[in-house]
Amino acid sequence: MQQQGAGVFQPVNTNVRFPALEEEILAWWRENQIVEKSLAAGDQPFVFYEGPPTANGRPGFHHIISRSFKDIILRFRAMQGYRVIGRREGWDTHGLPVEIEVEKQLGFSGKPDIERYGIAAFNAKCRESVWNYIQEWRRFSERIAFWLDPNDAYITYENRYIESLWWVFAQLWQRDLLFRDYKVTMHCPRCGTSLSDHEVSLGFKDGVDDPSVWVRFRHLPAPADPPYAAQHPLAERLADASFVAWTTTPWTLPANAALAVNPDAEYVLVEYAPDADTPTEQLVLAAALVQQVLGEHATVRHRFRGRELVGLRYVPLFQGVGSAGEAVDLRNAYRVLADDFVSLEDGTGIVHIAPAYGDLEIGKRYGLPTLFSVDLNGKTLATYNDLGFGELFFKEADPLIARHLKERGLMLKTGRVSHAYPFCWRCSTPLLYYAKPSWYIRTTAKKQELINHNQAIHWVPEHIRDGRFGNWLENNIDWAVSRERYWGTPLPLWTNEDGSHIECIGSVAELEAKVGRSLQDLDLHRPYVDDVTWNDPQHGLMRRIPDVADCWFDSGAMQVAQWHYPFANQSQFAQAHPADYICEAVDQTRGWFYTLHAIGTLLFDAPAFTNVICLGHILDEHGQKMSKSRGNIIEPWGVFEQYGVDALRWNLFAASPPGNPRRFSLKQVDETLRQFMLTLWNTYGFLVTYANLDGWQPSPELARGTAPLHPAELPLIDRWALASLNKLVQEVTMSLEAYEVTPAARAIEQFVDELSNWYVRRNRRRFWKSEADADKHAAYTTLYTCLVTVTKLIAPFAPFVSEAIYRNLVVAADPAAPESVHLARFPTVQPALLDEQLVMDTAVLLRVVSLGRAARKQANLKVRQPLGEVWVRATPSEMQGLQRFEDDLRDELNVKQVRYVEADTSFVNYRCKPNLRVVGKKYGKQVPAITAALAALDNDTARAVARAVEAGLPFNLPLGATTLELAPTEVLVEATSPDGYAVAESDGALVALNTTITPDLRREGLARELVRNVQDARKTAGLDISDRIALYVAVVGNGDHAAEQTLMQDVVQVWGEYIRNETLATRLELGALPDVAHTESVDLDVATVQIGIVRVS
RNA sequence: GGGCGUAUAGCUCAGCUGGUUAGAGCGCAAUCCUGAUAAGAUUGAGGUCCCUAGUUCGAGUCUAGGUACGCCCA
């Protein structure tokens, strides 16, 4: 045996500060290039796609969650021996967010400012600005131990990336999946561009205050003209009537082209006057809405079906204006049409149709002209200057238009409405529905494929697949992919002057061939790419269309573009599609999850990813969204510095399932730290302290985990620990392979708790004892194996603390071991060590111990006071299992004898209940009668039943007029509380303590009490664990001094050796205390004594 | 208005295919234990398992309707 203190392990600081420890580990990783080594390791590929963040903002608290959940799976797979592909940084660099940032910086307020400034200079600014926070992101990722390769980042603005995107566009073009169409888009007048649906969805605001106007459209009994052959049959009846239509967007009224009714709904002609002073007028609207719109003052004169109204004409509110340079065909305008989309839920049942601003589909269907009232800057047309509302922002024009109509007597009623309205998600400008030429990806053509491939994706949580995401796919619409902006991937579409000929270019080489010169030095961005033109002999000068791509297209196409596929890395790509794993927050269902999936499906007819963890949003401790305006943001670095990253990560993994919105508070991290991290750390510290003291060290084989363990040769509790450990390995592996992180973390917590509070507590003496025998070695081996295995299990969760423990426990003992836990192999199950029965039996033991303590508590009996006997009653199999642990049970409950209650044990009675699981299925409606009959059994019969059940025999239960034969498995027998015992029971188990304290037990109790107080005194006296003492005890007396003196003499006589051994006392004297002693007064219940201790060398 | 999700102790969460006294941790109170422990044990207080109806011998669990909250969409 080696000398004390000459241990192989570094001493463990039990006052560890985890943040400082983590910094040390970070430095060590850097020095030894552990990240690089980990990235390069493994054989079978495991493919990950990094969803690229935009680096023009600071990383926030929510990024810790997504990055941690990404990281844990990658570490786990890496430890399983996979080579993780795609473990690289990715940066989303294009798009409106970046442009907005630069615009702000330059004090711009829209596209005209940018054009004046120059696109080249503007884009240069954009290119710079995306790297504003890159250092902070890298520092952040490194600190939370999210291991990505920073030297192999994919960057969406690079030429090679853009070239791949061009290839994607060309593929889509060739397959007729890319097309141009006039469609209504959500247009931001400030940004001057259409927004995609997912962008629009980001900017809906509730409770927006808007005007609400009911307008008269005066019926025009016009002469018959084509396409209507004759005067409308209702023309005469409605001669003086007005149609009433409702809108919340008065600014669209000048663009009105038609009114729509529901063909099947009932409409009425009413006579209406709001009060006696107002002349009555005739109005037409839906019958169902008369009350709501006009109240009580309307009298119905006629009723019609909606379809009867078709073709009626009305007086236009304004002279219609078409788009610039185009003749307007008003032949079909200003008529009533009927369509199913018209709802009767609000409004008047008559819908004002403005094709340019939202009703383009209807307009097309009925041949309506597309009329305009507002231009792309959101300003009303100059045409309306004369009417007093020209060249105004559309929202500002609203009241003026309303006033104008009122003056003309066309406004029936005005009000305000509070509803949801879309705003630009970046600049908060209200959006316009606007019919514009746009480029679309025809995702609807592959709708069924999108849906089918989604079925192959494993979603966590599962409900996203057929819920949120599945629904989104079911309602798929074509993807508006063009943006009339500057800083983005230029659409590779060239067209001639009149737009009659379009070519889609799929590579730089192809473009070079067109223009006949090298473009190797060309920046593929605007404005440079716009200057690339060529003359087509047939079609004339070919110019690029000005649009750039939706930046969601950039990130969705990362599955090909990150490799510069197909221009390079073809074999790499072949391995790296689809991704085995991605992970982002739930807001990406319509963002990145969708664009990845859409591009994967359209391009390869395959899913782009097969497993995805979809994270809920982070909320503060009150369930409020974290936001700067609320001031409830948690600053990540503060948490790192206070608690460390491991505690934070662990909390995020274990506290609640990741799919739910997550309430977060620092209190939780603090709890995780104390509850889990410190428990583990202290257990580890315990092992190291004693191993060093004893000079115990693991063999290299044991350190490596290859030393065979023979359970049959080990004490039961060691076998339990190892069985439990292997069960844990099994559970954790299965959970992580199913991408279920939380159950894995919770199982580990449970094990660490039991290891510390059962295994170590029960076995302390095996580590303390002086003889270095096989039993001691077994204890060290067991605890060591548990700790090393747990360390590897938690490595993906808590990369720092696991590294610290691993370095000390393993690398120190086995020079051939991998230098980092993250280069080690994830533990695998050793089936020979599994023992389900043993694990179950131990669970029973723990339950019975807990009941015994409860019983002691009730009777107010300290555990230190030994008792004579405990009676235990449980199921026969439980009691059988318990017998294996009788020593532990005696020890834990401090009783001399464990006895088992059997059917014949006279001092308990029995009550019987049906075993519902069994009986319920078999007897159904008879259950209540059986329950009653069993409960009504008298004591003797119940005992007879107990006896039968114990013997495994059926018995007869009288039930009304008949008798029922019940099998022993169909009934549960419980013992009732006997008198004179301290009893606790739960779940059918009963523990009864005999509370009689004999003089012998009393003396032993006093001895133990004395020992504990001496140990306390040793501690206060500042003695070392191994110091020897002389111990003096003087009876002070608080009652009958002589009797107390006698009692203590007896104690010292009977238990003197025990007391000396426990307290390392070389002598023990009852009498006066010497002056030199450290003294303390101790109340031993039946006697008060002074104890004095003196250190002897 | 529609879709998805959530609702269990003061807080954070378990509760498997319906079954016997609904659990854990934290927090609070009290007691105890402790020479690894910043820990631990026990007890107590604290629950109309959101509400209503239904299915069933039996519902926290299944069904329907409703309420509240969150997210997404209109």
Side-chain angles (χ1 to χ4, degrees), chain A residues 12 14-16 197-198 200-202 204 343 345-346 419-420 422 461 463-464 466-472 474-475 585-587 589-590 616-617 619 621 623-625 651 654-657 659-665 667-668 670-690 742-743 746 749-750 753 756-758 760-761 764 767-768 849-858 860-864 892 913-921 923-931 972 974 984-988 1012 1015-1016 1018-1019 1023-1026 1064:
Chain A
V12 174
T14 48
N15 286 318
V16 63
D197 295 298
H198 24 269
V200 172
S201 72
L202 294 171
F204 263 87
S343 99
E345 280 178 13
D346 50 23
H419 63 162
H463 62 76
I464 305 279
D466 295 324
R468 191 171 290 201
F469 196 67
N471 255 307
W472 170 244
E474 288 289 344
N475 299 315
V586 64
D587 53 321
T589 25
R590 285 144 203 253
H617 288 126
L619 308 174
E621 56 189 316
Q624 298 276 304
K625 213 179 197 171
N651 175 259
S656 64
N660 291 352
R662 174 185 299 274
R663 286 195 185 195
F664 180 86
S665 73
K667 273 198 304 202
Q668 291 178 33
D670 189 63
E671 189 183 320
T672 302
L673 180 73
R674 289 185 291 113
Q675 196 81 17
F676 175 70
M677 302 279 292
L678 285 173
T679 305
L680 176 66
W681 190 259
N682 287 322
T683 308
Y684 156 64
F686 174 88
L687 174 79
V688 166
T689 304
Y690 283 94
T742 303
R746 287 178 176 170
E749 282 180 345
Q750 169 85 20
D753 182 68
S756 169
N757 290 313
W758 183 251
V760 172
R761 186 164 66 74
R764 261 186 296 225
F767 295 93
W768 290 346
V849 165
S850 159
L851 284 172
R853 291 221 183 93
R856 271 188 173 270
K857 172 77 183 175
Q858 260 175 46
N860 202 16
L861 291 163
K862 295 180 180 180
V863 177
R864 254 196 310 274
E892 279 290 306
K913 300 195 292 192
N915 185 358
L916 286 172
R917 268 180 203 265
V918 185
V919 170
K921 286 206 172 61
Y923 294 103
K925 295 197 178 189
Q926 282 179 283
V927 167
I930 295 172
T931 307
L972 299 171
E974 287 177 7
E985 55 182 318
S986 102
D987 295 324
R1012 199 190 82 72
Q1015 304 290 32
D1016 238 24
R1018 285 181 58 114
K1019 217 176 183 176
L1023 296 187
D1024 201 67
I1025 301 174
S1026 51
L1064 298 185

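Here the structure is a predicted model, which is why all the values come from computation and not from measurement. Naming convention: chains lettered A, B, ... in sequence-line order (proteins, then strands); numbering from 1 in each chain.
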To the nearest 0.5 Å, tell me how far A/Lys667 NZ sits from A/Asn651 CG. 12.5 Å
Shortest non-hydrogen contact from A/Gly659 to A/Pro461? CA-CD, 3.9 Å
Which whole number of Å gives the distance between the C1' atom of B/U37 and that of B/U20? 39 Å
CD of A/Gln668 versus P of B/A24: gap in Å, rounded? 19 Å
Backbone N/O of A/Ile464 and side chain of A/Arg468: donor-acceptor pair under 3.5 Å: no
Roughly how far apart, to the nearest Å, are B/C16 and B/A22 at atom P? 15 Å
Proximity of A/Trp472 and A/Phe469 rings by center, below 6.0 Å: no
Rounded distance (Å) that lies between atom C1' of B/U34 and atom CH2 of A/Trp758: 15 Å
Nucleotide nearest A/Glu671 when distance is taken to its side chain, options B/C16, B/A36, B/C26: B/C26
Taking only residues two or more places apart in sequence or in another chain, which ones pass side-chain hydrogen bond (donor to acceptor under 3.5 Å, both in side chains) with A/Arg674? A/Asp670
What verdict does the side chain to side chain contact (heavy atoms under 4.5 Å, CB included) test give for A/Phe767 and A/Val760, after you've listed the backbone C-alpha separation in whole Å, the side-chain angles of each residue and the deciding distance to 0.1 Å? CA-CA 9 Å; A/Phe767 295 93; A/Val760 172; 5.8 Å; no
How would you label the contact of A/Val918 with the nucleic acid (heavy atoms, under 4.0 Å): base, sugar-phosphate, or nothing? nothing
Could you list the protein-to-nucleotides 4-7 of chain B atom pairs, N/O on both sides, closer than 3.5 Å?
from	atom 1	to	atom 2	distance (Å)
B/C4	O2'	A/His463	ND1	3.3

Specify the separation, in whole Å, of atom CG of A/Leu673 and atom C1' of B/C26. 14 Å
Which whole number of Å gives the distance between the P atom of B/A14 and that of B/C62? 15 Å
Listed nucleotide nearest any side-chain atom of A/Arg746, set B/A14, B/G19, B/C26: B/A14
Look at the side chain of A/Arg1012 and decide which nucleotide, out of B/A36, B/C13, B/U34, has an atom nearest to it. B/U34
Rounding to an integer number of angstrom, what distance separates B/G19 and B/A74 when you compare their P atoms? 42 Å
Enumerate the protein-to-nucleotides 57-63 of chain B contacts in which both atoms are nitrogen or oxygen and the separation is below 3.5 Å.
from	atom 1	to	atom 2	distance (Å)
B/C57	N1	A/Gly924	O	3.2
B/C57	N4	A/Gly920	O	3.3

Just by modelled atom types, is the A/Glu749 backbone N or O under 3.5 Å from a matching donor or acceptor in the A/Asp753 side chain? no
At their closest point, which heavy atom of A/Thr683 faces which heavy atom of A/Ser756, and how far apart are they? OG1-CB, 3.4 Å
Partners passing side-chain hydrogen bond (donor to acceptor under 3.5 Å, both in side chains) against A/Tyr923 (at least two apart in sequence or in another chain): none
Specify the separation, in whole Å, of atom NE2 of A/His617 and atom C1' of B/G70. 10 Å
What integer number of Å spans the C1' atoms of B/U21 and B/G40? 26 Å
Starting at atom CZ of A/Arg674, determine the distance to atom C1' of B/U37, rounded to an integer number of angstrom. 13 Å
Contact summary for A/Ser656 and A/Arg746, nearest pair of heavy atoms: CA-NH2, 3.9 Å
When we call it a touch if two heavy atoms are under 4.0 Å apart, what does A/Tyr684 touch: a base, just sugar-phosphate, or nothing? nothing
NZ of A/Lys925 to CD1 of A/Ile930, rounded to nearest 0.5 Å, is 14.0 Å
Please state the P separation for the pair B/C49 and B/U43 - nearest whole angstrom. 23 Å
Identify whether any heavy atom of A/Thr689 sits under 4.0 Å from a base atom; if not, whether one sits that close to sugar-phosphate; answer base, sugar-phosphate or nothing. nothing
In whole angstroms, how far is the C1' atom of B/G27 from the NZ atom of A/Lys667? 7 Å
Sugar-phosphate, base or nothing in reach of A/Pro461, heavy atoms under 4.0 Å: nothing
Nearest non-hydrogen partners of A/Pro914 and A/Thr931, listed with the distance: CG-OG1, 3.4 Å
So what does A/Thr931 touch, heavy atoms closer than 4.0 Å: a base, only the sugar-phosphate, or nothing? nothing
Nearest whole angstrom, please: distance from the P of B/A36 to the CD of A/Gln1015. 10 Å
If only side-chain N and O atoms of A/Thr679 are considered, is one of them under 4.0 Å from the OP1 or OP2 phosphate oxygen of B/U37? no
As an exercise, state the distance from CG of A/Leu916 to CG of A/Leu972, rounded to the nearest 0.5 Å. 8.0 Å
How far does the P atom of B/A64 sit from the matching atom of B/C4, given to the nearest Å? 11 Å
Whole-Å gap separating C1' (B/G40) and CD (A/Gln675): 10 Å
Shortest non-hydrogen contact from A/Arg917 toward A/Lys921: O-CG, 3.8 Å
Write down the distance separating the P atoms in B/U63 and B/U56, rounded off to the nearest Å. 16 Å
Return yes if the base of B/U37 and the side-chain atoms of A/Arg764 contain a donor-acceptor N/O pair under 3.5 Å, otherwise no. yes
Extract the stems that RNA chain B is part of, considering only consecutive pairing runs of at least three Watson-Crick or G-U wobble pairs, both distances under 3.5 Å. B:1-7 with B:67-73, B:10-13 with B:23-26, B:28-32 with B:40-44, B:50-54 with B:62-66
Using a 4.5 Å cut-off on heavy atoms from C-beta on, say whether the side chain of A/Thr689 contacts that of A/Val12. no
Anything under 3.5 Å between a protein N or O and an N or O of nucleotides 41-47 of chain B, put it in a table, one pair a line.
from	atom 1	to	atom 2	distance (Å)
B/A41	O2'	A/Arg853	NH1	3.1
B/U42	OP1	A/Ser850	OG	3.2

Any non-hydrogen side-chain atom of A/Tyr690 less than 4.5 Å from a side-chain atom of A/Arg764? no
